[in-house]
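Order of the sequence lines fixes the chain letters, A, B, ..., with proteins taken first and strands second; residue numbering starts at 1 for each chain.
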Protein chains: 2
Amino acid sequence: MNTVALSALAEPNRLLIVELLRDGPLTVGEVADRLGLRQPQASKHLKVLHEAGIVDMRPEANRRIYRLRPEPLKEIDDWLESFRGLWEARFDHLADYLRELQKGTLPFPFPSKEDES
Amino acid sequence: MNTVALSALAEPNRLLIVELLRDGPLTVGEVADRLGLRQPQASKHLKVLHEAGIVDMRPEANRRIYRLRPEPLKEIDDWLESFRGLWEARFDHLADYLRELQKGTLPFPFPSKEDES
DNA sequence: CATAAATATTCCTTGACAGGAATATTCATT
DNA sequence: AATGAATATTCCTGTCAAGGAATATTTATG
């Protein structure tokens, strides 16, 4: 998998920008206003998102309108698909599992997250 | 959304570690071997993944066995769900759309990605 | 043509992070 | 107790990314 899109999304303000653009295209100024960013930072973040292919841009007179592109997000989604089995494990045989657990015949009784240091 | 897991995954070696662990738990040494990393770097990356909640750890005598945790990945997956409409747009009304486009009544005939500088 | 609005870019500083090398820690084995 | 194996931690260094401030660029408008 490509880590370019992930790096771009790992910055909190950029993640918020992406969530904003989910509801439709916005100009730089609108993004800056709604997130309380200074204009140059909004421009810079949008530039990073653009270079990562996460947004489109189209000039409209004075302004620049940025719009979300689906492809990189879909790519991450596709990657996650190969992990979906992890949390979609079925509970059809939960009773059986617990029985085995009690007999102490199972290999991996991991501690819960909370038990760890 | 939380960016902790995203930051952890944005590092190429860590992303590879996660892909390795998809097929089952591994020790530090096994991770290092399979990715051609030095042991300390493997330990450090696993530490970051652990702090991000992406992996479990359980000591086994001399070794430490790391295992993937579903929760953070599922969290990202859930977040992406709100964007899925972007690439699952239906084409039922494509003909209508093209007709409107020809009449020049539509607001957003964006340039293609390739047209951009 | 001068000015203002919207946006991009540059420069600077600071903090985080990754890898390398060395060392510390923990546990099993003899 | 001494040694070795597996792992963690520390220290160092270089790189990179983010925000602030200032400035450049582009376009509309009077």
In whole angstroms, the gap separating P of C:dT9 from CG of A:Leu46 amounts to 12 Å
Would you say the ring centroid of A:Phe83 lies under 6.0 angstrom from that of A:Trp79? yes
Please determine if a side-chain N or O atom of B:Ser43 lies less than 4.0 Å away from the OP1 or OP2 oxygen of D:dT9. no
Is the phosphate of D:dA6 approached by B:Tyr66 (side-chain N or O, under 4.0 Å from OP1 or OP2)? no
Would A:Arg84 and A:Asp77 pass as an ion pair if we require N to O under 4.0 Å? yes
Between A:Arg38 and D:dG20, is there a contact of a side-chain N or O with OP1 or OP2 at under 4.0 Å? yes
Taking atom P of D:dA5 as reference, at what distance in whole Å does atom CG of B:Asp33 sit? 14 Å
With a non-hydrogen cut-off below 4.0 angstrom, is B:Pro59 in contact with a base, only sugar-phosphate, or nothing? nothing
Side-chain atoms of B:Gln41 come closest, of C:dG20, C:dA22, D:dT27, to C:dG20
A:Glu88 (side chain) donor-acceptor with A:Gly85 (main chain) under 3.5 angstrom: no
For atom CG of A:Asn13 and atom P of D:dA17, their distance in whole Å: 16 Å
From CG of B:Leu6 over to C1' of C:dA16, roughly how many Å is that when rounded to an integer? 17 Å
Can you hop from A:Val28 to A:Leu37 via hydrophobic side chains spaced under 4.5 Å? yes
Atom CG of B:Leu16 and atom P of C:dA18 are separated, to the nearest Å, by 14 Å
To the nearest angstrom, the CD1-C1' distance between B:Ile17 and C:dG19 comes to 14 Å
In terms of side-chain heavy atoms of A:Glu11, which of D:dA22, D:dA18, D:dG20 is nearest? D:dA18
Expressed as a whole number of angstroms, how long is the span from B:Arg63:CZ to C:dT25:C1'? 17 Å
Side chain of A:Thr27: nearest nucleotide among D:dA21, C:dT7, C:dA22? C:dT7
Grab the CG-C1' distance between A:Asn62 and D:dT25 for me, whole Å please. 11 Å
Counting just side-chain N and O atoms, does B:His45 come under 4.0 Å of either OP1 or OP2 of C:dC17? no
Between D:dA8, C:dT9, D:dA18, which nucleotide gets closest to the side-chain atoms of B:Arg64? D:dA8
Is it the case that one hydrophobic cluster holds both B:Leu68 and B:Leu16, taking links as side-chain heavy atoms less than 4.5 Å apart, direct or via other members? yes
Judged by nearest nucleotide, the residue sitting upstream toward the 5' end of DNA chain D, A:Leu37 or B:Lys47, is B:Lys47
Give the nucleotide from the list D:dA28, D:dG19, C:dA8 with an atom nearest to the side chain of A:Val28. C:dA8
